[in-house]
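One structure is given here, and the rest of the page talks about it.
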2 protein chains.
Amino acid sequence: MKPGDTYTPHDCRPVGEILNQIGGKWTVLIITRLKHGPMRFSELKRLIGGISQKVLTATLRELEMNGFVTRTVTPSIPPRVDYELTDLGRELLVPLDAVSEWALANRQRVLDARKAFFEQNPDAVPPRIGQVATLIHSGNSSDSSAPVAGG
Amino acid sequence: MKPGDTYTPHDCRPVGEILNQIGGKWTVLIITRLKHGPMRFSELKRLIGGISQKVLTATLRELEMNGFVTRTVTPSIPPRVDYELTDLGRELLVPLDAVSEWALANRQRVLDARKAFFEQNPDAVPPRIGQVATLIHSGNSSDSSAPVAGG
DNA sequence: CCGGGTGGTTTCCGTTGGTAACTCACGCTA
DNA sequence: TAGCGTGAGTTACCAACGGAAACCACCCGG
């Protein structure tokens, strides 16, 4: 964006700032996983599945900085760290959980839409290759002839 | 995640898949900007502000593939491309808009939480530097002596 | 021929995310 | 005494994603 690119700053930029804070790849998952009470680090990691320690640590730090979770260290051996939603986090959980549940409820519709799109546009190649391939090849009803590899 | 790292795949992985699809940095902004009707490419770009053409194009393609928006090309001179939410997109808009409005309504609370955190932990350094610095130094009520740069 | 406006792609580079190994501090086992 | 396992976290390295800017194709006005 150029400096002279004057746009009307509706309600968009502030939203974008906060969205960038909660827009980490795993933030929604972490917050929704925390909704049933405090959780230990490895518990979270195990429950989410597919997240690395590095990113889980970083995302939790970020959530802590933004006031969404608290981090409680019990100095035992081995050390024990519990993460829990704050009031702010619990409030954020409400809309985030709605998104999460929408995603769960409409997963198949998205998958079907993807399939329909690629059947109508066989030459289309998804710009975000990795994740897209995962989605297509995963729990799809019949992912044979997934047109993503053909190009 | 290792292959032998068996976890119970609750409702977490499917959600994560869809979330990765809609979890692009700008996806929420784009969908919520589209809620009042179809929009042209540059209109979207101007309205959102801060997004590059490349990413806007890629994100819109992704949304199109997932069945959230339609892309209508009018072969006029200069060419005109309109993007509009599908039914699926309008349904997704509901929870996404809730997130967006939460972010707008609670922006200052997040900012305050950040400030309080950094006042209590002056040594803390945010792992995601760029965005965090932007957030702190931006429309904050009094961002003088923002402790992030001092380290 | 030059510049403007539109939608989009390409190039380069910084940031983010993933993988694997290592650390710390202890108790258990041999 | 040495080695192993634990739990939270860090580090090094590397691929993918996101951002800035340039370029492309198209046609019109001057």
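Below, all heavy atoms of this structure are taken into account, side chains as well, without hydrogens, waters or symmetry copies. This structure is a prediction, so every number in the text was calculated from the model and none was measured.
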From NZ of A/Lys54 across to P of D/dA12 the rounded distance in Å is 11 Å
What integer distance in Å separates B/Leu56:CG from C/dG8:P?
9 Å
Whole angstroms only, please: what is the CD1-C1' distance between A/Ile51 and C/dT19?
14 Å
Report all interatomic pairs (protein N or O, nucleotide N or O of nucleotides 3-7 of chain D) with separations under 3.5 Å.
unit_1, atom_1, unit_2, atom_2, d
D/dG7, O3', A/Arg40, NH2, 3.3
D/dG7, O3', A/Pro79, O, 3.4

Contacts under 3.5 angstrom, residues 71-78 of chain B side chains, donor-acceptor by atom type, not counting sequence neighbours:
unit_1, atom_1, unit_2, atom_2, d
B/Arg71, NE, B/Tyr83, OH, 3.2
B/Ser76, OG, B/Pro78, O, 2.9

Write down the distance between CG (A/Leu29) and P (C/dG17), rounded to a whole number of angstrom.
13 Å
Name all residues meeting the side chain to side chain donor-acceptor pair (under 3.5 Å) criterion together with B/Arg109; count only those two or more places apart in sequence or in a different chain, and write none if there are none.
A/Glu91, B/Asn106
Return the value, rounded to whole Å, for the distance between atom CD1 of B/Ile48 and atom P of D/dG18.
14 Å
Integer-rounded Å distance: C/dT6 P and B/Arg71 CZ:
16 Å
Identify, with sequence neighbours excluded, every residue that meets salt bridge (charged side-chain N to carboxylate O under 4.0 Å, His left out) alongside B/Arg80.
B/Asp82
For the pair made of CZ in A/Arg61 and C1' in C/dG17, what is the distance, rounded to whole Å?
17 Å
Does B/Glu84 have any salt bridge (charged side-chain N to carboxylate O under 4.0 Å, His left out) partners at least two apart in sequence or in another chain, and if so, which?
none
Just by distance, no angles: are the side chains of B/Asp112 and B/Gln108 close enough, under 3.5 Å, to form a donor-acceptor pair?
yes
Gap between atoms NZ and P, on A/Lys25 and C/dT19 respectively (whole Å):
9 Å
When you measure from the side-chain N and O atoms of B/Trp26 to the phosphate of D/dG19, is any distance below 4.0 Å, counting only OP1 and OP2?
yes
Listed partners of B/Lys54 passing side chain to side chain donor-acceptor pair (under 3.5 Å), at least two apart
none
